[in-house]
Amino acid sequence: MQSFIDGLIASGVFGGLPAEAIYPAMMFLFASIVVFGFVLPLVTITIWLERRVWSRIQSRVGPNRVGPQGVLQGLADGVKNILKEDVVPDAADRPLFVFAPYLLVWGFLATFVVIPFSSALVIADLNVGILYIVAIVALSAVGVLMAGWASNNKWSLLGGIRSAAQVVSYEIPAGLALLPVVLLTGTLSTQGIIQAQGWAPWDWFLFHSPFTFIAAFAFYISALAETNRTPFDIPEAESELVAGFATEYSGFRFALFFLAEWGSLYVTGAIMAVLFLGGWQIPTGWTNNTVVLNIAQLTVFFLKAYFWVFLAMWIRATLPRIRVDQMMSLCWKYLVPLGFVNLVGTAVWMVIWPEGNTFVPYLMVVGTLALLVIFFRRVLYHLRRAKPELYFNPAI
Amino acid sequence: MSLAGYEFEVQRDDGLATEEMTLNMGPQHPSTHGVLRFVVKADGEIMRTALPDIGYLHRSIEKISEKVGYHGFMPYTDRVDYVSAMQCNQGWAMVCERAAGIEVPRRGEFCRVIACELGRIASHLLSVGTMVMDIGGMTPFTHAIREREKVNNLLEDLCGARLTFNYMRIGGVAWDLPPGYTEQVTAFLDQFEPLIDEYNDLISYNKIYVERLANVAAVSKEEAINYNLVGPNLRGCGFQYDVRRDEPYSIYPELDFEVPVGTGEVGTLGDCFDRYMVRIKELKESCKIVRQCLEMIPDGPVLARVAKKLKPPVGDAHVRVEASRGDMGWYVVSDGSEFPYRTKIRTGSFSAMSIVDKLSRGLMIADLIALIASLDVVAPEVDR
Amino acid sequence: MSPTEIHQRLQDQHTDAITSFEAAPLDPFVLVKPDSIVEVCRFLHDDPDLAFDCLTNMSGVDFLKEDYIQVVLHLYSYTHRHAIVIKADVSREEPSMPSVEAIWKAANWLEREIYDLLGVVFTGHPDLRRLLMPEDWIGHPLRKDFVEPEEYHGISTRRESLLK
């Protein structure tokens, strides 16, 4: 990014403007492009995808009216929400009530600063990237708690309290699950972590050792909890707390809650892809064109990220919600000790095999493939038993 | 933290002043299954009490009966429990027949039982579906509703209505089975019965689901009888009693079916999971009953000749019907005129609601949802 | 046990409490003096041969012409699978009788409902409030001489006939 701007300055595009003014301005421009040209469409597509995937699992059809296959549904919903009346309850704490959704959106938008899309496309490759993500994601907890408190509604308050307890608790296993990767690479920069991996599955940190494999899923579970996804959607538990912290919100502010929820879902997937799936790594040497290379990297990165997003949707459609005390015991009794075991285990692994074990990654890849094969055979068996024409008909 | 750790009195050190939070759960709340209200006194997530407040759906059905006559009251009975209206029809028809001494033709009894058991399937499907949805699993609900729609189609073929059937008459049923009905119902049962097992695969033994329901709000057998819990709620406590089998009416004595009871397979006997599981097992039994009825059904009339202005002799009559939500008591007092002098309907949900206050103490707010769902409370039946 | 036997057993123990016994109707019933309903019910519940462990139904009937309100208890024994009906007549002017809530918890709400709709006061009931009607409702709707109020909180209860 910086080199790109340097190049522009050198070519004299800006005339004689001082470099100190150009850098922030260009950064701001680029961030705006990313937010409006990329993140918002991304979120609406994710919402549409979730609703479609969900409805297929539930033997329904899902939104299919707006645009081809209903892909513009998110746009329609957004327009509808913006046109709706923005109700602020009389007894609400007005400034906090108004501000809370922005804080929530801010919390997830800011993570896009360090999430790379390809080897060249990253807003800022901070050297504290991972730490930054862990810190900034916690902002959403403040937003949710603020929304819950300011609504002056007991259901909202309960939702806010639940969310605070949940996000603060799950920060710890999430952070612990990141540490093995940091140990392995010795860097916190997202680009550095990706560069330490390779394009092939056996070069990914997911299959580096059994400890990183477990750490990946521990992180994924914790991330689901942090983003209030099923089975951890207790802060907005629809059947218990009406809509939790979002009960009193309407119109555009309510849409912002949605935006943040599905946005952070993509962030979760992206972090998983960065840390454990080799990020944008693709086989090199087949092209010299930087643009083509970056587009290929972007595609690969998206596929990897959306794999985890899809998994979250699948989980949401399958699992019921757990109770508050079970959520806490899962965190403190299982995930936190597991995180420490992983951390120490990875350290020991690194002492024994400083360059990484050459055999275990292959074994783990083969094992995972075998599991996948068994799984898909089961899926096919069930599909044959059901009526496939119902599920594979794109016209419905 | 298991649930057993929560005692009614929450231990706390002296220090910060705390106070109970009073939560109004309902009348508009996503999981109160109609219009119910609970006044919840909560200490954080743990409830001290949940006092039910009913009457939001009180339509004075008992009073209406005094004005519309014996035949005219039949459509109103649909509204007593609109989730399984068939058994309410049957209850009213039976109590009037008992008061007036009317004999129902044999084919009419078979039609009634077929309709009732199909209605029971529909009701239990809705019950287990919404229960899973209250716990947070969205998919099983749509799967249950998909099957329920097919049952509704069958009942529509039978009587033209999908929810409030008004199918039965005093002295029999309004219409005979339509042509080809046996094949239709058999085809449905053939594809539905394997789905019950699939439903178990999908959700019943899901780890999270079991954890949410096991050991929650267990009712002992004595307590259940004292509070007059009935139907699946009573059988969930491990007490094998079914009005269809133990106080037989209609043609149930000739039929062969099991009475499933709760076994405490994942936790305490009589907890929410047992009540849920009894309903799942009853789906199978209902299928069995319908199959038998379709085989055994004789030819003949379906409706006895009953006076247009029915005037039962002075006196009173009481019958008990096994409705979807359990033993339903119908009591009618006749003064010899063409209008019932007094009707009283004692429903399963009514007694189930009265035990909520006792069971809810010390539970968490999330457990209250599971409790209401597992008791299968339907608001119109509570208020009538 | 048949109703006659049940009555016989009851008669042996509580002669004074029982007004009459009717074996002829569909559901044979024992008419009990309202003041002694608790001891009769306690006996029916506790006696091992009777063991009426369940109150299946409890209703009130307003007999306007005869000028009394009849409270009807349908008892059932899960242990012995027999049933009996207990009836008690209370006056219309000041209807009052002891509560059987201590014997069967099921009576709690059933008595509240009878209190709500017919105005029978059950003495000794722990929580005798209106159940179905609003707390500030005036009158008892299931009484035969109940006249619907013209309005409730300023909302008219009358409306034009749609047939005009």
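We name chains A, B, ... by the order of the sequence lines, and we start the count at 1 in each one.
- Using a 4.5 Å cut-off between heavy atoms, C:N108 makes no contact with chain B at all.
- Between B:Y241 and C:Y78, the angle of the ring planes goes over 60°, which puts this pair in the perpendicular group of the 30/60° scheme.
- Without hydrogens or angle criteria, C:R81 side chain to B:D246 main chain gives no donor-acceptor distance under 3.5 Å.
- For the pair C:D27 and B:R98, the salt-bridge criterion is met [side-chain N within less than 4.0 Å of a carboxylate O].
- Heavy atoms of C:F63 lying under 4.5 Å from chain B belong to its backbone as well as its side chain.
- Smallest separation of non-hydrogen atoms from C:T56 and B:N228: O-ND2, 3.3 Å.
- Remark: C:I114 CD1 to B:K344 NZ distance equals 6.0 Å, nearest 0.5 Å.
- Within the 4.5 angstrom heavy-atom criterion, only backbone atoms of C:I103 (N, CA, C, O) approach chain B.
- When the candidates B:R346, B:E62, B:E222 are compared by the number of heavy-atom contacts under 4.5 Å with chain C, B:R346 comes out ahead.
- Using a 4.5 Å cut-off between heavy atoms, C:D62 touches chain B through its backbone atoms (N, CA, C, O) alone.
- Ion pairing of C:E148 with B:K63 is absent here, as no side-chain N (NZ or NE/NH1/NH2) approaches a carboxylate O to less than 4.0 Å.
- Checked for salt-bridge contact, C:K87 and B:D316 meet the test: a charged N lies under 4.0 Å from a carboxylate O.
- Of the atoms belonging to C:L55, it is backbone heavy atoms, and not side-chain ones, that fall under 4.5 Å from chain B.
- Atom CG in C:L64 sits 11.5 Å away from atom CG in B:D335 (nearest 0.5 Å).
- Counting non-hydrogen atoms of other residues, nucleotides and ligands closer than 6.0 Å to CZ of C:F29 gives a total above 12.
- The CG atom of B:D383 sits 8.0 Å away from the CG atom of C:L131 when rounded to the nearest 0.5 Å.
- How far CE of B:M328 is from CG of C:N57: 11.0 Å, rounded to the nearest 0.5 Å.
- Annotation for C:E151: atom CD counts as buried by contact number, over 12 foreign heavy atoms lying within 6.0 Å.
- With salt bridges taken as basic N to acidic carboxylate O contacts below 4.0 Å, one links C:K144 and B:E66.
- Heavy atoms only, all atoms of each residue included: C:W104 and B:N226 are closest at CA-OD1, 3.2 Å.
- Summarising the local packing, CD of C:E94 is surrounded by 12 or fewer heavy atoms from other residues, nucleotides or ligands at distances under 6.0 Å.
- The candidate from B:Y341, B:Y227, B:F350 with the greatest count of non-hydrogen atom pairs under 4.5 Å with chain C is B:Y341.
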Does the side chain to side chain contact (heavy atoms under 4.5 Å, CB included) test come out yes or no for C:E113 and B:R384, once each step is laid out? CA-CA 12 Å; C:E113 190 188 335; B:R384 302 182 301 286; 2.5 Å; yes
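- If you tally non-hydrogen atom pairs under 4.5 Å between each of C:A107, C:A106, C:P134 and chain B, the highest count goes to C:A106.
- Interface remark: of the candidates B:S351, B:P52, B:G315, B:P52 forms the most heavy-atom pairs closer than 4.5 Å to chain C.
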Could you walk me through whether C:V85 and B:H318 pass the side chain to side chain contact (heavy atoms under 4.5 Å, CB included) test, one step at a time? CA-CA 10 Å; C:V85 181; B:H318 183 257; over 6 Å; no
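- If you measure heavy-atom distances from B:E247 to chain C, the contacts under 4.5 Å come from the side chain alone.
- In terms of heavy atoms, B:R342 sits closest to C:S59 at NH2-CB, 4.3 Å.
- Contacts with chain C were tallied for B:S354, B:G329, B:G55; B:S354 has the most, counting heavy-atom pairs under 4.5 Å.
- For C:V72, the part lying under 4.5 angstrom from a heavy atom of chain B is the side chain only.
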